[in-house]
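The block underneath contains the structure these notes are about, expressed in structure tokens.
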Amino acid sequence: MSFDYHRPKTLAEAWRLAALETETRFVAGGTDVMVRIREGKIAPRALVSLTDIAELTQVVVGSPIVLGAGVRVSDLEADPALARVLPVLGRAAGFLGSIQIRNVATLGGNLCNASPCADLAPPLLVHEARVRIASATGTRELPLSDFFVGPRASVLEAGEILSAVIVDAPPQNVRATFLKHGRVRMDIALASVAVLLELDGRRCTKARVAAGSLGPCPLRLVATEQALSGQILDDTTLARARETACNEVRPISDVRAGADYRRHLAGALLERGIRSLMEGASS
């Protein structure tokens, strides 16, 4: 295992260094990339670290909210201003790995890894986040829901860097929560669900639902959202939404859990999340 390692101070320098080798990978915290290198799954000739690029670590809690892709997961968990406007993101950050991992891992790394179980993706999907992608020739923005294209696959092209995540400040009447089920506390999710509701009394005026570890990539559950939106949130509505979610997810069976169990978790976590939001909890 041998590779060059660069720590540029600017994006322009990062792109210049990346162009020097054909097998170069951008890396932030490196918590996933280094594991894959040690396992022999990838063998880059150079790593270009993005951790020293100041513009990637900015957090702007305004309208919109702009989160640099290099923000550490522990900072998402602890930022008091962010906790006031996007508490569900801090909650999801607190579920990610160990304290040591959260002190190194970054928002951008968690998304660019494009794992189906990425803990930060569901809460950002229910807030209809957008991603900003930068390259040496310009920038583009697209919905986060369009960023993932399959297991460990995203729309990032060669030379592109996820530079920021953008979220419109939610209205006051929005409540959101994130639930995760794993074998043990620090395990990756067997299933996770994020729920966002706008409520008028017991009527749901808007619903957004997203899931992790329940498909080839983090998913928006659009049919489940439609089963909730405009409805009185009674037992009949919740049962219909739960059944819709179980049918809408696309889990696999692997050594950690069977597909049927994961479908059960999808419905159970959804109902638990909705009931907690109806009781006034958020995040």
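Residues: numbered from 1 along the sequence shown.
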Arg130 vs Asp168, side-chain contact (heavy atoms from CB on, under 4.5 Å): CA-CA, chis, key distance, verdict: CA-CA 9 Å; Arg130 306 181 298 279; Asp168 292 328; 3.3 Å; yes
side-chain contact (heavy atoms from CB on, under 4.5 Å) assessment of Glu77 paired with Val73: CA-CA 6 Å; Glu77 182 183 7; Val73 174; 5.7 Å; no
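- For the pair Glu128 and Pro143, the minimum side-chain heavy-atom distance is 4.5 Å or more.
- Phe148 and Leu142 fall within a single hydrophobic cluster, where Ile, Leu, Val, Met, Phe, Trp and Tyr are joined by side-chain heavy atoms under 4.5 Å apart, directly or via other members.
- Few gaps surround CG on Asp234; more than 12 heavy atoms of other groups in view lie less than 6.0 Å from it.
- One finds the CD atom of Gln231 at 13.0 Å from the CZ atom of Arg202 (value rounded to the nearest 0.5 Å).
- Considering Arg25, Arg152, Lys41 in turn, Arg152 is the only one that fulfils the salt bridge (Lys or Arg N to Asp or Glu O under 4.0 Å) rule with Asp32.
- Put simply, the side chain of Thr205 gets close to the backbone of Glu198: a donor and an acceptor are under 3.5 Å apart.
- Rounded to the nearest 0.5 Å, atoms CZ (Arg242) and OG1 (Thr237) are 14.5 Å apart.
- Shown here is Arg45, whose CZ atom has no more than 12 heavy atoms of other residues, nucleotides or ligands within 6.0 Å.
- Of the possible polar contacts, one joining the Arg263 side chain to the Val249 backbone as a donor-acceptor pair under 3.5 Å is found.
- Between Leu89 and Leu120 there is a side-chain heavy-atom pair separated by less than 4.5 Å.
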Worked check of side-chain contact (heavy atoms from CB on, under 4.5 Å) between Arg262 and Arg256: CA-CA 10 Å; Arg262 284 191 160 107; Arg256 299 169 58 248; 3.3 Å; yes
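- Judged purely by atom type and a 3.5 angstrom limit, Thr177 has no side-chain atom pairing as donor or acceptor with the backbone of Val195.
- Ala18 approaches Phe26 most closely through the heavy-atom pair CB-CZ, 3.6 Å.
- One hydrophobic cluster, built from ILVMFWY side chains closer than 4.5 Å, cannot hold both Val155 and Leu219; they sit in different ones.
- By the neighbour-count criterion of 12 heavy atoms within 6.0 Å, atom CG of Leu20 is densely surrounded, having more than that number from other residues, nucleotides or ligands.
- A heavy-atom distance below 4.5 Å is found between the side chains of Ile37 and Leu47.
- In this structure, the side chains of Leu179 and Ser192 stay at 4.5 Å or more apart for every pair of heavy atoms.
- Across all their heavy atoms, Ala194 and Val126 have their closest contact at O-CG1, 3.5 Å.
- Looking only at distances, no side-chain donor or acceptor of Gln58 sits under 3.5 Å from a matching main-chain atom of Gly68.
- Leu11 CG to Glu55 CD: the interatomic distance, rounded to the nearest 0.5 Å, is 4.0 Å.
- Note that the CD1 atom of Ile188 and the CG atom of Leu190 stand 8.0 Å from one another [nearest 0.5 Å].
- How far SG of Cys204 is from CD1 of Ile274: 8.0 Å, rounded to the nearest 0.5 Å.
- The backbone N or O of Cys112 lies less than 3.5 Å from no partner atom in the side chain of Ser154, so there is not a single donor-acceptor pair.
- Checked by atom type and distance alone, the side chain of Asp75 never pairs as donor or acceptor with a backbone atom of Ala78 at under 3.5 Å.
- Proximity of His127 to Val88: side-chain heavy atoms (C-beta onward) are separated by under 4.5 Å at one or more points.
- Smallest separation of non-hydrogen atoms from Ala241 and Leu228: CB-CD2, 3.6 Å.
- Judged by distance alone, with hydrogens and angles left aside, the side-chain atoms of Ser229 form no donor-acceptor pair with the main-chain N or O of Gln226 at under 3.5 Å.
- Two different hydrophobic clusters hold Val167 and Phe178 under the rule that ILVMFWY side chains link at heavy-atom gaps under 4.5 Å.
- Looking at heavy atoms from C-beta onward, Leu124 lies in side-chain contact with Leu111 at the 4.5 angstrom threshold.
- Nearest heavy atom pair, residue Arg132 against residue Ile166, reads NH2-CD1, 3.3 Å.
- Expressed to the nearest 0.5 Å, how far CG of Leu107 lies from OG1 of Thr57 amounts to 12.0 Å.
- Between Leu144 and Val165, the closest side-chain pair of non-hydrogen atoms is not below 4.5 Å.
- With 3.5 Å as the limit, one finds a donor-acceptor pair spanning the side chains of Thr224 and Glu248.
- Judged by distance alone, with hydrogens and angles left aside, the side-chain atoms of Arg72 form a donor-acceptor pair with the main-chain N or O of Asn103 at under 3.5 Å.
- Contact record, Ala92 with Asp119: CB-O, 3.6 Å, taken as the closest heavy-atom pair.
- Looking at Glu279 and Arg275, no side-chain N of the basic residue comes within less than 4.0 Å of a carboxylate O on the acidic one, giving no salt bridge.
- With salt bridges taken as basic N to acidic carboxylate O contacts below 4.0 Å, none links Asp200 and Arg203.
- Listed for the Trp15 side chain is no donor-acceptor partner under 3.5 Å among the backbone atoms of Ser135.
- Two residues are said to be in side-chain contact when any heavy atoms from C-beta on lie closer than 4.5 Å; Leu238 and Leu233 meet this criterion.
- Hydrophobic clustering keeps Leu67 apart from Val60 (ILVMFWY residues linked when any side-chain heavy atoms are closer than 4.5 Å, directly or through intermediates).
- With Arg7 contributing its side chain and Asp52 its backbone, the two residues share no donor-acceptor pair below 3.5 Å.
- Closest non-hydrogen pair, Val61 versus Leu82, comes out as CG2-N, 4.2 Å.
- Of the residues listed (Arg140, Glu141, Glu157), the one engaging Ile133 in a side chain to side chain contact (heavy atoms under 4.5 Å, CB included) is Arg140, and it is the only one.
- Val104 and Leu76 fall into different hydrophobic clusters, where Ile, Leu, Val, Met, Phe, Trp and Tyr residues are linked whenever their side-chain heavy atoms come under 4.5 Å apart, directly or through other members.
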Stepwise side-chain contact (heavy atoms from CB on, under 4.5 Å) check, Arg220 with Glu225: CA-CA 9 Å; Arg220 272 275 299 277; Glu225 295 170 358; 2.6 Å; yes
